[in-house]
Amino acid sequence: MLAFLLARAGLDVTVLEKHGDFLRDFRGDTIHPSTLTVMHELGLLDEFRPLLQNEITTLDVVLGERRITPVDFSTLPPPVRFLGLMPQWDFLDFLAGKAAAYPGFRLLMRTEATGLLDEDGRVTGVAARGPEGPLQVDCDLVVAADGRDSVVRREAALPVRDTGVPIDVLWFRLEKPDPEPPPTLAYVAHGDFVLTIDRGDYYQGGMLIPKGSLGHVRAEGLGRLRDRLVTAAPVLGGCVDGLRDWEQVKLLAVQVNHLPTWHRPGLLCIGDAAHAMSPAFGVGVNYAVQDAIAAARTLAGPLRAGVPAREHLAAVQRRRAWATRAVQRIQVLAHRVVARPGGRTVPDPLLRLEQLTEPALQRVTARLVGLGFRPEHVAG
C-alpha cells in the first residue's frame, strides 16, 4: 500500500518480496471499513468489492444458547458499512497490479533482504539476494514492512518491547453445516471460545487455548478436540469429522509487542515490524494499512525534496503510535478476560457481553472495530 501511494505521488519505489508469490495462509484476511473507505477514496472500491469472499454487516456471538450482536457495522457513517473478507494474497495481488501502472513502481519477487547498507550511522539501502544472486538497493529511505519477525528491524538493532498475552489460537478449515446457521463470529460455552469466520463456501475455524498448551491439547487427541468444538458449538456436529490429521490444525502463537522507537536515520518500521497485533478484532492488517497511509502523506513531500530527515520519520510514529498502543491495550485486556493461563479458556463472567447489545454500545464497538483509532484518509 505504501509503495502504491508513493508511486502514485510520482516517486520511485522498489518492493522486495522474498517469495515467488503471495500465497500464504492463516494471515489476516479481514478488510475493515477503514481500509474499504480508503479504497473508495482511491476510486478503486467498485473494482475491489467483487473480489471479496463475503461482506459482513454484524458480528454475532452465541453465548451458551443465546445469540447476541455486539457489533453492528450498519451504524457506521457512509460510504462503507460492512466488513469484507478476502485472502491476503488477493489483496496484495490487487495492490501490486494497480501500483504497476505507475512508472516509478518496481516489484522484485524472490528477492530477500539480508542486511542493511550503512554510511556514517545512516541507512542508505539494503543488501539482498535475488534469483540472479546477491544485489544491493541504494535508496533515500528503507521501510521495514516485513512483519513481526522483521529481518530489517533486527539488522537495525531496534529493541522490541513485548506484552505478555495468555492465549494462542488453533486455526483450521471447516465445511459449513447444512442447513447453514446465521453468520456467527464465535461460540462461547463450557469454557471454550470457538471461531467460525464465514469465508463464503467454508469456515475459517479457530479455538482459543491457553498459551503454551498445544502439547497438552495434542496429547488429549484429535477426537477430544473435535468433541470440544461440538460441545461449544453444537451446530458444527456434522462438520468436525473433516479434521482427521493434526497437519490440518495450525498454531497461531499470539504476540503483542511494539518498538519504543520505529526509526533510525534512513529507516522506518511500519505494520507488524513496528507493532505486532493479536488476532483480536482482526485489526492487524488494517492498522498496517493506516500506517502506510500516514507514512505516504507525511513522507511524499520530503522524499521529493531528497532524503527525509529523522524528524519526518518521527512524525509518522507520533501520528500512529498512540493509536496502535491504544488498540493493543484493549486486545490485552480482552485476552485477560477471555483466557487465563492454565485455567478455563472462557470464564463465566464473559457472559456479561450481553450488555454490548445495547444500541449505543453497538455504535461504539462498530467504530472501534470497523474504523479504529485515528483512521487515515487518502488525499485526492
Side-chain angles (χ1 to χ4, degrees), residues 1-25 27-28 88-89 91-160 257 259 261-276 284-285 288-289 291-292 295-296 298-300 302-304 306-310 312-313 316-317:
M1 177 64 83
L2 176 56
F4 168 56
L5 294 175
L6 292 179
R8 178 174 174 262
L11 293 159
D12 293 330
V13 191
T14 298
V15 177
L16 307 186
E17 166 57 53
K18 71 177 180 179
H19 298 288
D21 55 46
F22 294 125
L23 292 173
R24 305 289 165 267
D25 207 352
R27 299 169 72 170
Q88 195 169 114
W89 56 82
F91 191 11
L92 291 167
D93 280 335
F94 183 87
L95 290 174
K98 291 303 174 185
Y102 297 100
F105 178 79
R106 182 172 63 147
L107 174 59
L108 301 182
M109 304 297 289
R110 294 188 294 155
T111 304
E112 180 178 5
T114 57
L116 293 174
L117 306 178
D118 189 287
E119 185 176 314
D120 298 326
R122 179 184 170 275
V123 175
T124 59
V126 294
R129 183 184 302 107
E132 307 301 323
L135 70 151
Q136 73 176 45
V137 181
D138 299 301
C139 56
D140 296 322
L141 177 66
V142 172
V143 178
D146 51 341
R148 59 187 59 197
D149 298 315
S150 171
V151 171
V152 176
R153 180 182 69 195
R154 185 180 68 240
E155 290 294 313
L158 292 173
V160 181
N257 62 44
L259 298 183
T261 303
W262 294 17
H263 54 86
R264 51 172 284 195
L267 171 71
L268 174 68
C269 296
I270 62 172
D272 272 7
H275 49 77
V285 169
V289 168
D291 289 353
T298 304
L299 299 176
L303 282 166
R304 274 193 291 265
V307 177
R310 192 162 185 177
H312 299 127
L313 308 180
V316 177
Q317 178 176 349

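This is a predicted model, so every value here is computed, not measured. Values reported hereafter were calculated over all heavy atoms of this structure, with side chains retained and with hydrogens, waters and symmetry mates removed.
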Q: When rounded to the nearest 0.5 angstrom, what distance separates CG in Leu2 from CG in Leu11?
A: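 Separation between the atoms: 10.0 Å.
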Q: Are Trp89 and Asp21 packed together at the side-chain level, in the sense that at least one heavy-atom pair is separated by less than 4.5 angstrom?
A: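 Not in contact.
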Q: Is there a side-chain contact between Cys269 and Leu158 in this structure, where contact means two heavy atoms from C-beta onward sitting under 4.5 Å apart?
A: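 Result yes, sub-4.5 Å side-chain heavy-atom pair found.
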Q: When rounded to the nearest 0.5 angstrom, what distance separates CE in Met109 from NZ in Lys18?
A: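 Those atoms lie 12.5 Å apart.
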Q: Kindly give the heavy-atom pair with the smallest separation between Pro308 and Leu303, and that separation in Å.
A: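 In this case the closest contact between Pro308 and Leu303 is CD-CD2, 3.6 Å.
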Q: When you look at Leu268 and Leu299, which way does the side-chain contact (heavy atoms from CB on, under 4.5 Å) test go after all the steps?
A: CA-CA 11 Å; Leu268 174 68; Leu299 299 176; 3.9 Å; yes
Q: Between the side chain of Arg264 and the main-chain N/O of Ala157, is any donor-acceptor distance below 3.5 Å?
A: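 Not confirmed, Arg264 side chain does not pair with Ala157 backbone.
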Q: Enter the distance from Glu112:CD to Leu135:CG here, rounded to the nearest 0.5 Å.
A: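 If I round to the nearest 0.5 Å, the distance is 11.5 Å.
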Q: Can you measure from OG1 (Thr124) to CG (Leu117) and round to the nearest 0.5 angstrom?
A: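 Taking OG1 in Thr124 and CG in Leu117, the distance rounds to 5.0 Å.
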Q: Could you state the interatomic distance from NE2 (His312) to OG1 (Thr298), rounded to the nearest 0.5 Å?
A: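 That separation rounds to 9.5 Å.
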Q: Has Arg153 got a side-chain atom pairing as donor or acceptor with Arg148's backbone, closer than 3.5 angstrom?
A: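 Yes, Arg153 side chain to Arg148 backbone: donor-acceptor pair under 3.5 Å.
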Q: Run the numbers on Thr114 and Val151 for side-chain contact (heavy atoms from CB on, under 4.5 Å), then give the verdict.
A: CA-CA 7 Å; Thr114 57; Val151 171; over 6 Å; no
Q: Kindly give the heavy-atom pair with the smallest separation between Asp291 and Gly271, and that separation in Å.
A: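 Heavy-atom minimum between the residues: OD2-N, 2.9 Å.
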Q: Is any side-chain heavy atom of Glu155 closer than 4.5 Å to a side-chain heavy atom of Val126?
A: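 Not touching, per the 4.5 Å side-chain cut-off.
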Q: Would you say Lys98 and Phe105 make side-chain contact, with heavy atoms under 4.5 Å?
A: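 Side chain of Lys98 against side chain of Phe105, heavy atoms only: no contact under 4.5 Å found.
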Q: Looking at CG of Leu5 and OH of Tyr102, how far apart are the two atoms once the value is rounded to the nearest 0.5 Å?
A: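 Nearest 0.5 Å value for the CG-OH distance: 9.0 Å.
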Q: Restricting to non-hydrogen atoms, name the atom on Ala7 and the atom on Val13 that form the minimum distance, rounded to 0.1 Å.
A: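 Looks like N-CG2, 3.9 Å.
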Q: Give a yes or no on whether Arg122 atom CZ has more than 12 heavy-atom contacts from other residues, nucleotides or ligands under 6.0 Å away.
A: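 It does: Arg122 CZ has more than 12 such atoms within range.
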Q: Can you find a pair of side-chain heavy atoms, one from Val123 and one from Val152, that are under 4.5 Å apart?
A: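 Side-chain contact under 4.5 Å: no.
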Q: Run the side-chain contact (heavy atoms from CB on, under 4.5 Å) test on Leu141 and Leu313 for me, step by step, so that the C-alpha distance in whole Å, both residues' side-chain angles and the decisive distance to 0.1 Å come before the verdict.
A: CA-CA 10 Å; Leu141 177 66; Leu313 308 180; 3.8 Å; yes
Q: Would Val15 and Leu108 satisfy side-chain contact (heavy atoms from CB on, under 4.5 Å), going step by step from the backbone distance to the final call?
A: CA-CA 6 Å; Val15 177; Leu108 301 182; over 6 Å; no
Q: What is the minimum heavy-atom distance between Ala273 and Leu259, and which atoms define it?
A: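 In this case the closest contact between Ala273 and Leu259 is O-CD1, 3.5 Å.
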Q: Mark yes or no for whether Asp138, through its side chain, and Gly125, through its backbone, hold a donor-acceptor pair below 3.5 Å.
A: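 No: the side chain of Asp138 does not pair with the backbone of Gly125.
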Q: Taking the side chain from Arg310 and the backbone from His263, do they hold a donor-acceptor pair closer than 3.5 Å?
A: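 At least one qualifying donor-acceptor pair exists.
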